[in-house]
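So the structure is just underneath, and the comments pick up after that.
Just so you know, these numbers use all the heavy atoms, side chains as well, and skip hydrogens, waters and symmetry mates. Only a predicted model underlies this, so the values are computations on that prediction, with no experimental measurement involved.
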Amino acid sequence: MVGDSLMATGSRDRRDRLAAPRRILGSWSLWELPRRGLIGYLLLVDFAAIAATTYLFVLRPPAPSSFLPFSALVTGMIVCSELSRPVERSRADTRLGAGLDAAWIFAGALLLPPALAAVLVVVSAAYRWFRIRRGIPHRQVFAASATMLSALGASIIPVLLGAPPFLGAPRDFESFALVFATGLVFLSVDAALAAPAAEFGAEPSGFAFDAAMVAFGLLLAWSAADWPFVTVVLAGALVVLHRAGTMRALRGHAGTDSGTGLLTASSWLDGARTQFELLRGRGAELSLLMLDLDHFARLNDRHGRHVGDDVLRAVADTLRAEVRAADLVGRFGGEEFVVLLPGTSRFDAHAIAERIRLRISSTFVSLGGTFAGTTVSIGVSSHPDCGETLDRLVAAADQALRAAKGAGRNRTVAFETET
């Protein structure tokens, strides 16, 4: 009896272990995309990247001498990305492309055998997943696959033309023309593969930015071949220019969110702190609403990011219409909003939140004959019950929002203080 029980338990454990990957893959939002052809396209690109890399490993196995430049490129890429991590995190997570890593990947396409150039992309994607941002899995896998195929296409151009490797090529106009063509292939393949991805809400990164990274990749490869110490200088310049350019762009949009016209998170916090301190000094009541759209990623995947943007604008318009001029409304994240309600009790704030929730649930955007909409979950907190600082008020509203999500979404939950 005991032996039979142990055997049954072991059999269940094995079934659970085998079923776990199926459950994980089955939960991907990839399977919820509306067009089966699009799902097939994404999977085809993923499979082609893996198959091409494997085939090239067998056809042209990397020489041991290739692993030293490969290691140097991986090290440089990770160090640069780590130094730029706060800036890279500020880039929208729906954009395709490798960001700052594209310079190192193109340098790898010039210096490394094709298979190792593709592996460099895998290292970049893994690093970005664990250290930069974890987005929707099938999007990030597809982005990595498209970049792998771009690197493979660029790195086999000299092989197909019978040209000498970049390390041994003369530094003349003919070699420059070949490198220029290699860069065009890298950019063109990535753009061509990414174009259909717009249908599930991902935007390819800007062509000008990618072209600049390719140019920097050429300089990195050139310095690595002829004057390695200059590579360190170029890597530092790349980080500084990237951070300065991105931060300048961010500061240009610091006050107002370009997509919705609401206050950005930093601007909202600045205004909310000022109002909070003023009202606290007067002993006045104050409440806060934190809103999060339900299943917004699923809406983006089904209808495309342009529809998601329309829904966000519609929600922003609803918020502006439902609150007073003295209330502060901001976009706190991708699909998260926050409202500060001066002089408002928790009871009144809950009533306002319910009015907003019902209005949003009946708001739709046109899709040319059909309509798309969403629902919202809302957390409510109030001063002085929920704390004596704005940070505590925000944390209490966030906790109430998570409770609303956990209770089934499309509802309002007020933070309850412990008695």
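Distance CG/L219 to OG1/T231: 10.0 Å, rounded to 0.5 Å. To the nearest 0.5 angstrom, L286 atom CG is 14.5 Å from R346 atom CZ. With rounding to the nearest 0.5 angstrom, the CZ atom of F106 is 11.0 Å from the CG atom of L220. To the nearest 0.5 Å, atom CG of residue L341 and atom OG of residue S287 are 6.0 Å apart. Considering OG1 of T274 and CG of L279, their distance stands at 10.5 Å, rounded to 0.5 Å. In this structure, CZ on R357 lies 8.5 Å from OG1 on T375, to the nearest 0.5 angstrom.
Put simply, the side chain of T389 gets close to the backbone of R392: a donor and an acceptor are under 3.5 Å apart. Judged purely by atom type and a 3.5 angstrom limit, S188 has no side-chain atom pairing as donor or acceptor with the backbone of V185. Using a distance-only test at 3.5 Å, with no hydrogens or angles considered, no donor-acceptor pair links the side chain of R128 to the main chain of R131.
Under 4.0 Å is where a charged nitrogen must lie from a carboxylate oxygen, and between K405 and D294 at least one such pair does.
The side-chain hydrogen bond (donor to acceptor under 3.5 Å, both in side chains) contacts involving residues 159-175 comprise R171-D226, D172-S175, where partners must be two or more places apart or lie in separate chains. Legend: salt bridge (Lys or Arg N to Asp or Glu O under 4.0 Å) pairs involving residues 311-322, not counting sequence neighbours, sorted by first then second residue: D310-R313, D317-R320, E322-R355, E322-R359. Sorted pairs that involve residues 63-77 and meet side-chain hydrogen bond (donor to acceptor under 3.5 Å, both in side chains), not counting sequence neighbours, are lacking altogether.
Residue F47 qualifies as open at atom CZ: its count of foreign heavy atoms under 6.0 Å is 12 or below.
Nearest heavy-atom pair across V239 and C80 is CG2-SG, 3.6 Å. The shortest non-hydrogen separation linking S223 to L234 is OG-CD1, 3.6 Å. Residues A349 and T344 come closest through the heavy atom pair N-CG2, 3.6 Å.
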* **Trace of the salt bridge (charged side-chain N to carboxylate O under 4.0 Å, His left out) decision for R324 with D327** => CA-CA 5 Å; R324 302 163 299 181; D327 299 332; 2.7 Å; yes
* After noting the C-alpha distance and the side-chain angles of F57 and T53, does the key distance pass the side-chain contact (heavy atoms from CB on, under 4.5 Å) rule? -> CA-CA 6 Å; F57 256 114; T53 303; 4.0 Å; yes
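Evaluation of the ring-ring contact (aromatic ring centres under 6.0 Å, His included) rule for F70 yields no partner, not counting sequence neighbours. Listed by chain and residue number, W268 satisfy the ring-ring contact (aromatic ring centres under 6.0 Å, His included) test with F332 (two or more places apart in sequence, or in another chain). Shown here are the ring-ring contact (aromatic ring centres under 6.0 Å, His included) partners of F337, two or more places apart in sequence or in another chain: there are none.
The shortest side-chain heavy-atom distance between L120 and M77 falls under the 4.5 Å cut-off. Side-chain atoms of L238 and W104, non-hydrogen and from C-beta on, do get closer than 4.5 Å to each other.
For the residue pair D46 / S145, a side-chain donor-acceptor distance below 3.5 Å is found, with atom types taken as modelled. Between T260 and D257, the side chains place a donor N or O and an acceptor N or O closer than 3.5 Å (distance only, hydrogens not considered). Under the 3.5 Å distance criterion, with hydrogens and angles disregarded, no donor-acceptor pair is assigned to the side chains of S150 and T147.
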